[in-house]
2 protein chains.
Amino acid sequence: MTISLRQLRALTAAVETGSFGRAAARLHLSQPALTVQIRSLEQRLGLTLFDRSARGARPTEAGRNLAQSFGRVLEEVDQLVAGAREQAARRSGTVHLAVLPSVASTLLPAALTRLRQAHPAIRVLLRDAVARHVADQVKAGEVELGIGILQGADAELEAESLFEDKLVAVLPPGHRFGALRRLSPEALAREPLILTDPGSSVRALAERAFAEAGLVLRPAYEATYMSTAVALVRAGLGIGVLPATALDLRLTPLLDTKPIDAAAMRRRILLLRRRGASLSPAAEALAEAIHVAVGGGAHIR
Amino acid sequence: MTISLRQLRALTAAVETGSFGRAAARLHLSQPALTVQIRSLEQRLGLTLFDRSARGARPTEAGRNLAQSFGRVLEEVDQLVAGAREQAARRSGTVHLAVLPSVASTLLPAALTRLRQAHPAIRVLLRDAVARHVADQVKAGEVELGIGILQGADAELEAESLFEDKLVAVLPPGHRFGALRRLSPEALAREPLILTDPGSSVRALAERAFAEAGLVLRPAYEATYMSTAVALVRAGLGIGVLPATALDLRLTPLLDTKPIDAAAMRRRILLLRRRGASLSPAAEALAEAIHVAVGGGAHIR
DNA sequence: AGATGGTCATAACCGGACCCTATGACTGCC
DNA sequence: GGCAGTCATAGGGTCCGGTTATGACCATCT
């Protein structure tokens with residue numbers, strides 16, 4: 001005893017075309033099928049919607065009114081469905097993405113331009129956050145995707161490896177270490193060092209690596225922002241210990257970077273998603289673009 | 001490949017209850033039926049709407065959004081359907097009615113109070129008009145029902161007899177005809193007469209009746225409104241020839257009315273509707289009320 | 001008048017959508 | 001390690017909805 005969309009379509013088509021036959025044609029139906037739908041609708045509403053005669057069907061006042069109202073409803077439905085299909089076809093949609101600041105300034109632009117080329121109408125809402133917050137936002141469902149790191153497995157998260165980020169020593173111009181090919185933690189420990197804040201994942205990583213070498217990390221300078229740390233290095237205040245990804249490519253040529261001789265000085269940058277949560281088509285497109293950007297040429301050095 | 005209302009209901013119920021099982025219960029369905037509907041909707045949209053796991057189904061972002069939008073649409077549909085059913089049940093609705101002024105002031109109030117008792121929420125939009133316009137408005141579909149007269153059959157109209165309206169002579173108080181039981185046209189023709197305008201059906205009727213008696217109607221006074229004519233009679237200016245229905249019951253006791261001795265001095269008041277046009281439930285209710293008002297006691301004298 | 005063309009309604013048949021019951025697979029919990 | 005809860009799957013029956021063919025009716029033209 002309930003109404004169906006087909007019946008609403010039949011009604012509006014019949015009122016608009018003024019004839020059951022033409023309405024049937026418009027809906028790609030046979031005329032009897034249309035007739036039956038209309039009659040069924042009339043029964044379910046208890047209203048006569050058309051006055052039939054041998055020379056056609058005239059809509060009743062009620063029929064006209066309902067056709068108009070239902071017409072608006074149908075338009076709305078069709079619009080919603082079309083919107084959903086656009087999302088499915090990646091022709092629209094938005095992704096929420098949390099990302100480490102270091103990655104945001106290096107890998108991400110390449111990925112986003114690639115995404116824009118393939119799917120111009122997909123919107124990306126960026127949130128840069130430190131590693132812990134990236135993971136938390138993914139777990140809470142505030143973002144669909146995260147780019148960050150993971151210490152130990154997390155049952156709620158699913159991770160795909162993107163690339164490996166190494167900590168490197170950043171030398172001020174003309175530093176006496178300039179001749180060396182690689183630096184040992186011991187050598188570094190005797191120099192004034194420039195690092196990021198204790199809260200950052202980079203800092204935690206560096207401390208752990210030094211600890212493995214039996215050393216205590218005692219930086220001469222700490223900065224919250226990577227760009228500040230780099231500025232301190234350029235000013236010749238010390239040697240920076242910073243992630244390779246974070247170094248802006250335009251600045252690096254002016255500075256000298258050296259690998260550090262410690263296995264623990266590296267971290268795996270991961271693409272994070274909540275376990276069991278499917279990705280929206282837009283998010284899948286973004287994930288693809290990120291993978292391509294990482295795998296194909298536009299990598300970090 | 002199109003969407004159905006059942007699927008929309010399934011979606012909104014599932015999102016709102018947060019569980020396929022509870023949604024199924026709300027819709028009086030089995031859980032598998034609900035599951036199938038959701039999956040079918042997902043296929044047709046090409047979107048994943050829920051993330052299933054063994055401990056429940058979580059709506060996707062897209063699922064939540066669509067559920068909300070479709071929820072609004074469903075409410076609208078349900079409201080429209082409810083409105084239609086109310087009309088069908090005569091619990092609402094409006095009728096357009098054209099009616100002769102004479103009838104409007106006598107029969108109609110009784111019919112309308114009766115209608116209001118039975119179906120309080122039905123609105124009646126009144127148009128009083130002279131006989132010709134009553135018929136025209138019915139034919140044009142501007143009104144659903146008309147109360148009027150018909151000279152000769154009209155193929156486009158369907159008529160039901162309501163009652164017979166007679167022209168009567170209305171005497172001023174103390175007139176010398178007061179002693180007679182009935183008046184002849186010949187007697188009347190010698191008196192100063194008061195009638196309505198030449199355009200009115202009452203006037204046409206009176207002229208025809210006099211013509212049948214071989215007389216020419218030459219009124220001493222003409223008025224457009226019945227009430228004016230009555231006032232002239234009360235002022236003692238002449239004898240009124242007016243329809244019995246039109247005489248306001250409160251005024252009649254003060255005046256003396258006599259039947260006129262001519263068969264042609266009567267007209268049949270009809271309930272008119274367009275041939276082949278069904279009546280709305282509200283109009284049917286009004287028609288019933290009119291018939292009852294005519295048939296039962298509240299008749300004209 | 002009779003034929004004709006147009007309208008909607010009806011009938012008979014057929015396929016698929018839909019629903020139900022029963023059961024399975026999986027997880028989280030006591 | 002059962003147990004309770006979730007959703008998915010399978011099988012079977014019903015009914016909705018569609019098609020074609022035909023009928024009834026009216027208007028119009030010849």
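Small disclaimer: the values here were computed from a predicted structure and weren't measured. In what follows, every chain begins at residue 1, and chains take the letters A, B, ... in the order their sequences are listed.
Within a 6.0 Å sphere centred on CZ of Arg116(A), heavy atoms belonging to other residues, nucleotides or ligands number 12 at most. Dense packing is recorded around CZ of Arg64(A), with more than 12 heavy atoms of other residues, nucleotides or ligands lying under 6.0 Å away. Around CD of Glu142(B), the count of heavy atoms belonging to other residues, nucleotides or ligands within 6.0 Å exceeds 12.
Of all the heavy atoms in Ala282(B) and Ser92(B), the pair that sits closest is CB-O, 4.3 Å. Smallest separation of non-hydrogen atoms from Gly63(B) and Val15(B): O-CG2, 4.0 Å.
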Output a table of nitrogen or oxygen pairs between the protein and nucleotides 13-21 of chain C separated by less than 3.5 Å.
| from | atom 1 | to | atom 2 | distance (Å) |
| --- | --- | --- | --- | --- |
| dC19(C) | OP1 | Arg6(B) | NE | 3.0 |
| dC19(C) | OP1 | Arg6(B) | NH2 | 2.8 |
| dC19(C) | OP2 | Gln37(B) | NE2 | 3.0 |
| dC20(C) | OP2 | Ser30(B) | N | 2.8 |
| dC20(C) | OP2 | Ser30(B) | OG | 2.8 |

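Regarding Leu5(B), its CG atom lies at a distance of 17 Å from the P atom of dC16(D), rounded to whole Å. With rounding to whole Å, Glu42(A) atom CD is found 13 Å from dC8(C) atom P. Per the geometry, CG belonging to Asp51(A) stands 13 Å off C1' belonging to dC8(C), to the nearest Å. Arg58(A) has its CZ atom 14 Å from the C1' atom of dC26(D), to the nearest Å. One can place CG of Leu49(A) at 12 Å from P of dA9(C), the figure rounded to the nearest angstrom. What separates CZ of Arg9(A) from P of dG18(D) is a distance of 13 Å, to the nearest Å. Per the geometry, CD1 belonging to Ile38(A) stands 17 Å off C1' belonging to dT10(C), to the nearest Å. In this structure, the CZ atom of Arg52(A) is 16 Å from the P atom of dC26(D), given to the nearest Å.
Checked by atom type, the side-chain pair Thr17(A)/Arg26(A) shows no donor-acceptor distance below 3.5 Å. A side-chain donor-acceptor contact under 3.5 Å links Thr35(B) and Gln31(B). In this model, a donor atom of one side chain and an acceptor atom of the other lie less than 3.5 Å apart for Glu160(B) and His291(B).
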- Given side chain to side chain contact (heavy atoms under 4.5 Å, CB included), test Arg44(B) with Ser40(B) step by step and report yes or no. CA-CA 6 Å; Arg44(B) 291 171 198 211; Ser40(B) 163; 3.0 Å; yes

Going 5' to 3' through nucleotides 2-7 of chain C and flagging B where a protein heavy-atom sits under 4.0 Å of the base, S where only the sugar-phosphate is that close, and - otherwise, we get ----BB

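Put simply, Thr35(B) has no side-chain N or O that comes within less than 4.0 Å of OP1 or OP2 on dC7(D).
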